Amino acid sequence: MIAKNKQQMDRLLLTNIGLLVTDNHGKPCLRGEEMAQMEVLHDAWLLVEDGRVKDFGVHSSQCTVQSAQLPADENTAQLNCELNTLNRELCTVDCHGGAVLPSFCDSHTHLVYAGSREGEFVDKIRGLSYAEIARRGGGILNSADRLHAMSEDELYRQAMQRIGEIVRKGTGAVEIKSGYGLNVDDELKMLRVIRRIRDTAPLRVMATFLGAHAVGRGYTQEAYVRLVIDEMIPEVGRQGLADFIDVFCDEGFFTPEETARILEAGAKWGLRPKIHGQELADSGGVEVAVEHGALSVDHLESMTDRDIRLLQPATTPSTIIPTALPGTSFFLNMPFAPGRKIIDAGLPLAIASDYNPGSTPSGDMKFVVSLACIKMRLLPAEAINAATINAAAAMGLSHDYGSLARGKVANFFVTDPLPGIDYIPYAYTQPIIRQVFLAGAAVDL
Ligand code: NIG
Ligand code: FE
């Protein structure tokens with residue numbers, strides 16, 4: 001099982017980087033035309049100190065680290081640790097011409113769940129829609145039944161397998177939602193598992209309370225909304241188990257009015273909203289997100305031009321990050337969110353995996369980047385920025401994560417040599433990652 005790396009090098013120097021994607025813009029998120037900008041250094045080095053990016057440059061420039069001589073021998077061993085004159089450990093990694101990119105940030109997942117739902121996958125092939133499966137008591141309720149029957153330890157074990165999988169695929173920060181509990185005890189159980197992942201996994205974890213994911217079995221709609229407001233939120237707040245609050249505001253799930261009541265209750269505990277909106281129908285999700293100063297509004301497969309206008313700075317004082325989940329559209333065979341239109345309207349765009357057992361059993365962010373290019377017509381640089389700096393912003397983390405800027409947490413991966421950044425989404429199933437570093441420490445893959 002993948003674990004937090006306890007042994008962080010004091011200093012780490014990466015050399016012979018073919019392509020280094022750095023950040024000199026210093027912006028917390030990129031919008032509109034800025035999203036196509038990407039600073040790429042060729043033949044570069046990167047210095048990490050105490051888990052953070054200290055400096056970077058190209059080999060023709062001077063490395064600022066005292067006595068850190070760049071290895072002259074091209075065949076330096078992959079991990080060649082030595083002591084420098086300051087007696088601080090310096091570990092040199094020769095990247096042999098591979099690219100170094102900031103780790104992906106996945107700002108929307110439901111990766112704590114019990115078992116799998118491939119039966120519904122077959123039902124969909126046979127012609128049932130996602131909404132029909134939900135109406136027949138499958139979907140989210142099916143996952144809630146399985147989660148209820150599973151021990152907390154087993155739930156943690158299964159989720160950590162998925163964490164290992166996404167770390168190997170380049171994710172360095174992830175948001176995880178509850179929402180398969182649907183009663184007080186099981187929602188708290190899920191959130192405790194998320195906290196345990198946060199405490200033991202090597203990547204950064206943010207927790208979102210999504211009690212209003214579906215109406216739990218045995219409740220009327222109104223009784224369930226009351227349960228969320230009167231019992232779940234106060235307990236989650238008291239135990240400090242969540243950073244954010246989410247509601248599945250959509251046709252057949254929760255109305256904008258119910259969503260507003262739930263978000264107001266969450267605000268009393270300092271829980272900022274991240275909303276599921278405009279997925280299945282034009283059902284007011286963006287409007288309620290704007291009214292409640294959400295950090296992000298996610299899905300957007302049914303987004304309208306009016307929604308795009310609502311998200312403009314003139315209408316919305318705080319930045320709300322529209323977040324597309326292309327893997328969901330792919331897996332459910334649904335329309336894609338209008339990502340191109342969102343960027344062309346001058347807005348920021350994040351992309352995330354939505355990793356969950358029903359609508360996207362995958363947390364592969366490289367594939368999400370490819371889908372964003374192929375299906376939403378994003379340029380590779382736009383898609384990579386959407387999956388890194390903007391997705392970090394959609395978790396309130398872009399001061400520390402999402403790009404390789406001096407002072408930020410050193411979360412990145414090293415790839416095989418690549419002809420250019422555009423190759424990443426182009427080679428859409430090719431595994432390119434050779435090494436992963438989180439908080440400056442090599443992760444044992
Ligand atoms: O984001 N849309 C709502 N919730 C999840 C799916 C959950 C499930 O089907 O288990 C989503 O796609
Ligand atoms: Fe989701």
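Just follow the structure's listing: the first ligand is 1, and inside any ligand the first atom is 1. Starting from 1, each residue takes its place in the sequence as its number. Model, not experiment: these values are computed from the prediction.
Heavy atoms of Phe253 stay at 4.0 angstrom or farther from ligand 1.
If you check the side chains of Glu279 and Tyr130, you find no donor sitting under 3.5 Å from an acceptor. His276 and His213 share no side-chain donor-acceptor pair at under 3.5 Å. The closest side-chain donor-acceptor pair between Thr109 and Ser353, if any, does not fall under 3.5 angstrom. Side-chain N/O atoms of Thr315 and Arg309 include no donor and acceptor closer than 3.5 Å. In summary, the side chains of Asp282 and Gln278 do present a donor paired with an acceptor at a separation below 3.5 Å, with no hydrogens or angles considered. Counted by atom type alone, Ser151 and Asp153 present zero donor-acceptor pairs between their side chains at under 3.5 Å.
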Chi angles and distances behind the side-chain hydrogen bond (donor to acceptor under 3.5 Å, both in side chains) call for Glu154, Gln158: CA-CA 6 Å; Glu154 176 58 12; Gln158 292 195 1; 3.0 Å; yes
Quick one, Glu235 with Arg238, criterion salt bridge (charged side-chain N to carboxylate O under 4.0 Å, His left out). Give me CA distance, side-chain angles, the key distance, then yes/no. CA-CA 5 Å; Glu235 205 44 50; Arg238 258 193 295 275; 3.1 Å; yes
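Atom 2 (N) of ligand 1 has its closest protein heavy atom at Glu279 OE1, 2.8 Å. Taking atom 12 (O) of ligand 1 as the reference point, the nearest protein heavy-atom neighbour is Ser359 OG, 2.5 Å. The protein atom (non-hydrogen) at minimum distance from atom 11 (C) of ligand 1 is Asp354 OD2, 3.2 Å.
Draw a line from the Fe ion (ligand 2) to NE2 of His276 and another to NE2 of His110, and the angle between them is 100° (to 10°).
Below 3.5 Å of separation, one finds no N or O of Ser143 facing any N or O of ligand 1.
Ring-plane geometry between His110 and Tyr180 is classed as tilted, the angle between the planes lying from 30 to 60 degrees on a 0 to 90 degree scale.
At a cut-off of 2.8 Å, His299 does not coordinate the Fe ion (ligand 2) through any N, O or S atom. One of the N, O or S atoms belonging to Asp354 lies under 2.8 Å away from the Fe ion (ligand 2).
Near His110, the atoms of ligand 1 lying under 4.0 angstrom from a non-hydrogen atom of the residue are 1 (O), 4 (N), 5 (C), 11 (C). Short contacts between ligand 1 and Phe248, defined as distances under 4.0 Å to a heavy atom of the residue, involve ligand atoms 2 (N), 3 (C). Below 4.0 Å from some heavy atom of Ile140 lie the following atoms of ligand 1, by number and element: 7 (C), 8 (C), 10 (O). Which parts of ligand 1 touch Asn356 is read off a 4.0 Å heavy-atom cut-off, strictly below it: atoms 5 (C), 6 (C), 7 (C), 8 (C), 9 (O), 10 (O), 11 (C), 12 (O). Listed by number with element, the atoms of ligand 1 under 4.0 angstrom from any heavy atom of His108 are 1 (O).
The option from Arg117, His213, Glu301 that lies nearest to atom 5 (C) of ligand 1, judged by heavy atoms, is His213. Ranked by closest heavy atom to atom 8 (C) of ligand 1, the top entry among Phe331, Tyr113, Tyr130 is Tyr130.
Remark: the backbone N or O of Ala394 is paired with a side-chain donor or acceptor of Lys274 at under 3.5 angstrom.
Only the side chain of Tyr180 comes within 4.0 Å of ligand 1, judged by heavy-atom distances.
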